[in-house]
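Numbers here simply count residues along the sequence, with the first being 1. Counting starts at 1 for both ligands and their atoms, following the listed order. The structure presented is a predicted model; accordingly, all values stated were derived computationally and were not measured.
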Amino acid sequence: MNPDKLKDKFIGCTLVTHVGDSLGMPVEGYDCKTIEMKYGELREMLDVRMGAGTYTDDTEMMIGIAESLVQCRGFNGRDMAGRFVKLYNPERGYGGGTVRALSLLREGIDWNFAGERVFGGGSFGNGSSMRIAPIGAFYYDKPDDLRKIACESSNITHAHPYCKEGAALQAFAVAKAINSDPSEELDKQSFVSDMITFVSDEGKLYKAKLQHIKELLEYVPDKAEVIDRLGNDSSAPNSVPTAIYSFISHSHDFEGSVSYAVSLGGDTDTIGAMTGAISGAYHGKSGIPQRWLNVLENGERGRGYIEMLAEKLWELKSL
Ligand code: F2R
Ligand code: MG
Ligand code: MG
């Protein structure tokens, strides 16, 4: 692939995680109808809750992954766990299971054992899928490594098999989007078929949801049906497939894909962030509307910092 295009896609998938997170943050927990009634189609970042363009735990943890991959030139579980702990800011709105895992890590529990002590056997929340974009990018050309590293990174906080599979699937969607050319029409059915093939035997739940996606792509379903069949809550199985569908059903329309994901309600920042990661990987940074970029927070670890990390990841990949 043209190196400039690849760089644009690396930046796109990380930066648009932030975009989707910030677009969905103001309405996280609202249902689909309430969002429609209050805001219509949400295409602007509202200045409520944490403030327009502010990111939440989704992006903060993604930054931890990107920092660690760059610093260690690949995956290092101990380093990554340390960065999650160091970056943790409770004001960003973390899930209870992740807060528990981070506190176990802070107490000195080994990075590979904290996750399984949460909820007695591991969380099935979407916390390890929402942050995975840098792994999808860094291993975009190595699906076996991508699966292994996505699972190991999940295990730091989310040891449940649903989460490992969800994180691997979301990373694979990012990788497939990087490998796809947005100037050609996306073969939607074969995109999903490849994902079904990628899912391991332990991921039957995801295979079934991906099959739903294949059916939903044959017509224009109403949002209630999409939510009913794919889900919109904060568990990995009820949000990763929803993000994949939001991207594929709007693959030609970057802005529409993220806005649609948020419009489904429920875990809007996270489904927005995961859809954004895939759409950003497909269209690249150059596809992001300038008015969205302008409003993203840009402090010490904001938009500019995320972009710099993505560039460093790309440079490492290009060595
Ligand atoms: N935490 C939030 N949003 C609420 C706060 C928003 C804000 N402060 C406000 O008020 O405006 N969002 C973030 O959390 C989600 C990711 O969660 P994560 O990191 O996976 O956490 P957790 O707690 O591990 O899992 C989420 C919930 O799933 C249920 N659950 C998971 N595993 C379970 C198990 N084994 N048994 C029973 N229940 C399980 C629990 O209800 C967990 O709390 C994202 O939305 C992110 O944006
Ligand atoms: Mg969040
Ligand atoms: Mg969320």
Side-chain angles (χ1 to χ4, degrees), residues 16-32 34-35 38 42 45-65 80-81 84-85 87-105 114-133 150-151 153-167 169-170 205 227 231-240 242-243 246 258 261-277 296-297 301:
V16 190
T17 297
H18 181 354
V19 168
D21 183 12
S22 298
L23 189 72
M25 170 274 290
V27 292
E28 189 187 22
Y30 286 29
D31 65 32
C32 175
T34 306
I35 295 174
K38 280 185 87 149
L42 194 49
M45 297 195 197
L46 302 171
D47 198 11
V48 297
R49 288 190 171 167
M50 294 161 75
T54 306
Y55 64 69
T56 78
D57 56 333
D58 306 52
T59 305
E60 187 158 84
M61 297 200 91
M62 181 210 69
I63 291 171
I65 290 189
M80 194 172 281
F84 289 157
V85 170
L87 288 174
Y88 172 64
N89 174 356
E91 290 178 8
R92 299 279 187 190
Y94 279 69
T98 297
V99 173
R100 174 79 185 126
L102 296 182
S103 107
L104 289 166
L105 290 165
E116 69 191 27
R117 289 176 58 171
V118 175
F119 291 118
S123 164
F124 52 68
N126 52 19
S128 64
S129 306
M130 69 192 187
R131 66 192 189 209
I132 206 76
C151 290
S153 76
S154 177
N155 204 45
I156 298 171
T157 50
H158 292 70
H160 197 290
Y162 287 172
C163 291
K164 295 184 192 172
E165 197 66 43
L169 190 61
Q170 171 67 15
L205 200 62
I227 297 162
N232 66 352
D233 65 35
S234 63
S235 68
N238 287 334
S239 56
V240 172
T242 318
S246 297
V258 186
V262 168
S263 80
L264 294 173
D267 197 353
T268 50
D269 64 330
T270 303
I271 300 174
M274 294 192 293
T275 304
L296 297 180
E297 67 171 278
R301 284 194 171 83

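For the pair Ser235 and ligand 1, no heavy-atom separation below 4.0 Å is found. For Glu28, the closest heavy-atom approach to ligand 1 falls below 4.0 Å. For the pair His158 and ligand 1, a heavy-atom separation below 4.0 Å is found. Under the 4.0 angstrom criterion for non-hydrogen atoms, Gly122 is in contact with ligand 1.
In the candidate list Arg49, Arg92, Met25, Arg49 is nearest to atom 11 (O) of ligand 1, counting heavy atoms.
When only interatomic distances are considered, the shortest N/O to N/O separation between His160 and ligand 1 does not fall below 3.5 Å. Remark: ligand 1 and Met130 share no N or O pair separated by less than 3.5 Å (distance only, no angle test).
The closest protein non-hydrogen atom to atom 39 (C) of ligand 1 is Phe124 CZ, 3.4 Å. The protein heavy atom nearest to atom 19 (O) of ligand 1 is Thr98 OG1, 2.6 Å. Atom 8 (N) of ligand 1 has Gly93 CA, 3.9 Å as its closest protein atom, hydrogens excluded (heavy atom only).
Protein N/O/S atoms found under 2.8 Å from the Mg ion (ligand 2): Thr56 OG1, Asp57 OD1, Asp58 OD1, Asp269 OD2.
Residues meeting the ring pair (Phe, Tyr, Trp, His ring centres under 6.0 Å) test with Tyr88, sequence neighbours left out: Tyr94.
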